[in-house]
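Everything on this sheet refers to the single structure shown next.
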Amino acid sequence: MTEQLQQARDALEAAAKSAESDDVREDIRETTDAFADYAMSDTKPDHAVLDERLNALRQARERADGDTEAKLESAIEAAEDYRRTIDQV
């Protein structure tokens with residue numbers, strides 16, 4: 001796993017712990033699990049897959065507040081940094 005995706009995953013784990021809404025927490029955990037899968041797999045996410053994950057995180061961020069919102073923002077920034085490093089096919 002790249003450093004950016006690891007940073008995103010770490011921020012997502014913290015966001016899930018601080019989320020007050022079960023709905024938001026579930027959305028965060030789904031993406032956290034996906035990033036963990038990327039780490040254990042030889043398959044790297046492409047732009048379309050990352051865009052889907054980023055959109056889910058942005059929607060969760062809109063429903064979150066306080067510390068959870070800040071942690072989601074950090075995760076989104078790290079994932080966007082990673083996205084810029086991969087070739088678009």
Side-chain angles (χ1 to χ4, degrees):
M1 178 182 284
T2 70
E3 183 178 335
Q4 292 100 340
L5 286 182
Q6 183 61 49
Q7 288 173 348
R9 185 171 174 244
D10 292 346
L12 289 173
E13 287 176 351
K17 289 178 185 175
S18 68
E20 294 181 19
S21 163
D22 289 338
D23 191 38
V24 171
R25 188 177 304 110
E26 184 59 35
D27 288 348
I28 294 168
R29 287 199 174 130
E30 192 174 301
T31 301
T32 304
D33 291 345
F35 286 0
D37 289 344
Y38 302 148
M40 292 189 237
S41 169
D42 290 336
T43 305
K44 303 292 184 216
D46 61 18
H47 278 258
V49 169
L50 278 177
D51 284 345
E52 182 180 323
R53 296 293 175 195
L54 284 165
N55 285 335
L57 292 177
R58 288 181 188 113
Q59 290 172 7
R61 180 187 59 196
E62 289 177 13
R63 298 187 321 268
D65 57 8
D67 197 36
T68 304
E69 183 179 7
K71 289 177 185 342
L72 283 170
E73 182 62 34
S74 177
I76 290 166
E77 288 175 9
E80 287 174 338
D81 287 346
Y82 172 77
R83 187 180 177 279
R84 285 191 275 282
T85 69
I86 58 176
D87 293 329
Q88 191 169 9
V89 188

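Just so it is clear, the structure is predicted and the values come from calculations on it, not from any experiment.
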Working to the nearest 0.5 angstrom, can you tell me the gap between [X] [atom1] and [Y] [atom2]?
| X | Y | atom1 | atom2 | value |
| --- | --- | --- | --- | --- |
| R53 | T32 | CZ | OG1 | 10.0 Å |
| D81 | I76 | CG | CD1 | 12.0 Å |
| E77 | Q7 | CD | CD | 10.5 Å |
| L72 | S18 | CG | OG | 7.5 Å |
| D27 | Q59 | CG | CD | 8.0 Å |

Close side-chain approach of [X] to [Y], heavy-atom, < 4.5 Å:
| X | Y | answer |
| --- | --- | --- |
| Y82 | P45 | yes |
| R63 | D23 | yes |
| E69 | E62 | no |
| L54 | T31 | no |

Identify the two heavy atoms, one from [X] and one from [Y], that lie closest to each other, and give their separation to 0.1 Å.
| X | Y | value |
| --- | --- | --- |
| A36 | R9 | CB-NE, 3.6 Å |
| I86 | D46 | CD1-C, 3.9 Å |
| V24 | A64 | CG1-CB, 4.3 Å |

Next item on the list: May I ask you to say whether K17 pairs ionically with E13, meaning some side-chain N is under 4.0 Å from a carboxylate O?
Entry: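 Salt bridge absent between K17 and E13.
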Check: Does a salt bridge link E80 with R58, judged by any charged N lying under 4.0 Å from a carboxylate O?
Finding: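 Looking at E80 and R58, the cut-off is met.
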Note to self: For A11, is there any backbone N or O sitting under 3.5 Å from a side-chain donor or acceptor partner on S74?
What the structure shows: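 Side chain of S74 to backbone of A11, a donor-acceptor pair under 3.5 Å: no, none is there.
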Note to self: Closer than 3.5 angstrom, by distance alone: can the side chain of H47 be matched with the main-chain N or O of R84 as a donor-acceptor pair?
What the structure shows: no
Next item on the list: Under the side chain to side chain contact (heavy atoms under 4.5 Å, CB included) rule, collect the residues that match up with A16, sequence neighbours excluded.
Entry: R25, I28, R29
Margin query: What verdict does the side chain to side chain donor-acceptor pair (under 3.5 Å) test give for Q6 and D10, after you've listed the backbone C-alpha separation in whole Å, the side-chain angles of each residue and the deciding distance to 0.1 Å?
Written below: CA-CA 6 Å; Q6 183 61 49; D10 292 346; 2.7 Å; yes
Item checked: D33: partners by salt bridge (Lys or Arg N to Asp or Glu O under 4.0 Å), with sequence neighbours left out ->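 Salt bridge (Lys or Arg N to Asp or Glu O under 4.0 Å) list for D33, sorted by chain: empty.
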